[in-house]
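First up is the structure itself, then whatever we jot down about it.
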Amino acid sequence: LVRLRSRLSRSQNALGKGLLTLLSRDRLDEDTWEEIEDTLLTADIGVAPTQELVERLRTRVKVLGTRSPDELRGLLRDELVELIGADTDRSLHTAKQEDGRPAVLLVVGVNGVGKTTTSGKLGRVLVADGRTVVLGAADTFRAAAADQLQTWGERVGARTVRGPEGGDPASVAFDAVKEAIAEGADTVLIDTAGRLHTKTGLMDELGKVKRVVEKHGPVNEVLLVLDATTGQNGLVQARVFAEVVDITGIVLTKLDGTAKGGIVVAVQRELGVPVKLIGLGEGADDLAPFEPGAFVDALIG
Ligand code: GDP
């Protein structure tokens with residue numbers, strides 16, 4: 001939690017401290033509630049969720065007649081956790097399937113959001129957990145992408161399957177799963193390409209990667225990686241990807257570099273899919289499961 005707190009310090013200062021300060025004013029008048037609303041909007045929580053949250057807080061503060069800082073903090077915490085979804089299933093399917101085939105995870109998203117880094121970090125978590133992991137370098141368009149993934153693989157103890165530069169991404173993905181099955185590996189992480197400038201091209205390509213991989217059996221997770229610093233832009237991207245493939249989980253990266261942690265709420269609403277993992281830095285250990293309670297505690301201090 002201490003680590004999470006220090007990594008989220010920008011959001012914490014902007015959102016958590018701001019809200020607590022406002023709530024602790026002598027008088028919670030109309031202006032103060034408006035400022036609370038503005039603070040939530042600035043953190044990219046989104047208009048509708050912000051209004052809901054403020055409404056609920058107002059009602060509860062009124063009903064309880066509470067003014068003690070601890071109680072106000074408690075109310076704010078409860079409401080934020082509720083808004084994010086305390087009971088949502090955020091588990092990742094990474095264990096071998098019943099028939100002994102490896103779990104297959106596709107990592108998708110536009111260039112630069114942190115797909116390769118996330119694949120590497122996730123590989124590390126799984127290897128540390130005793131799993132055998134195969135990385136599939138299906139981003140064959142960006143010259144350095146496969147090298148970057150392979151470097152991660154060597155670092156974390158996972159083998160990387162790659163194809164010729166400019167080759168067919170779907171065939172690399174197919175081979176990665178094939179080899180993982182042959183080796184009896186537990187998990188395959190497939191890093192895909194993310195050139196969004198040609199939407200149709202991306203659709204065709206990503207759809208094809210998924211279909212080809214499914215010749216081996218079902219894909220367990222399609223993780224959409226979004227860069228938290230891009231705010232509303234990320235939501236537009238998310239929509240485009242959701243049209244192409246069924247997203248099963250969101251990875252929100254670069255939360256360490258933004259004051260807009262509220263995007264967690266907005267993106268879940270947008271896609272109806274939970275945030276499962278968060279990226280908190282560039283290092284190998286900077287990937288964490290997303291836990292609403294811990295996240296909110298880190299935010300509001
Ligand atoms: P890709 O094009 O989607 O595969 O993106 P990369 O994995 O190459 O990442 C792009 C850049 O973002 C790299 O410089 C990463 O080190 C950086 N990055 C990825 N995740 C995070 C994160 O959680 N926090 C920060 N600060 N940087 C990150």
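In this text, all values refer to a predicted model and were calculated from it rather than measured experimentally. Both ligands and their constituent atoms are indexed starting at 1 by order of listing. These numbers come from the heavy atoms of this one structure, side chains and all, not from hydrogens, waters or symmetry mates.
- Remark: the D227 side chain and the T253 side chain contain no N/O donor-acceptor pair separated by less than 3.5 Å.
- Remark: R56 does not engage E52 in a salt bridge, criterion side-chain N to carboxylate O under 4.0 Å.
- Which parts of ligand 1 touch Q148 is read off a 4.0 Å heavy-atom cut-off, strictly below it: atoms 6 (P), 7 (O), 8 (O).
- Residues forming a salt bridge (charged side-chain N to carboxylate O under 4.0 Å, His left out) with R142 (at least two apart in sequence, or on another chain): D139.
- The proximity of K121 to ligand 1, defined as any non-hydrogen pair under 4.0 Å, is limited to the side chain.
- A salt bridge is defined here as a Lys NZ or Arg NE, NH1 or NH2 lying under 4.0 Å from an Asp or Glu carboxylate O, and R58 with E37 fails to meet this definition.
- The side-chain hydrogen bond (donor to acceptor under 3.5 Å, both in side chains) pairs that include a residue from residues 163-175 are D168-K208, where partners are two or more places apart or lie in different chains.
- Residue D256 has at least one nitrogen or oxygen atom sitting less than 3.5 Å from a nitrogen or oxygen atom of ligand 1, judged on distance alone.
- Ligand 1 has at least one atom lying under 4.0 Å from a heavy atom of G281.
- Here L280 has backbone heavy atoms under 4.0 Å from ligand 1, and that is the only part of it that gets that close.
- On a distance-only criterion, D286 and ligand 1 share no N/O pair closer than 3.5 Å.
- At a 3.5 angstrom cut-off on N or O pairs, T118 does not count as close to ligand 1.
- With ligand atoms numbered from 1 in the order given, ligand 1 contributes 2 (O) to contacts under 4.0 Å with heavy atoms of N111.
- For ligand 1, the atoms lying closer than 4.0 Å to a non-hydrogen atom of V110 are 3 (O).
- Of all protein heavy atoms, the one lying nearest to atom 14 (O) of ligand 1 is E282 OE2, 3.2 Å.
- Within the listing of ligand 1, atoms 23 (O) sit less than 4.0 angstrom from a heavy atom of G279.
- Atoms of ligand 1 found under 4.0 Å from any heavy atom of G114, numbered from 1 in the order shown, are 1 (P), 3 (O), 5 (O), 6 (P), 7 (O), 9 (O), 19 (C).
- Within ligand 1, counting atoms from 1 as listed, the ones closer than 4.0 Å to a heavy atom of T117 are 6 (P), 7 (O), 9 (O), 15 (C), 19 (C).
- Polar contact with ligand 1: absent for T253 (N/O pair, distance under 3.5 Å).
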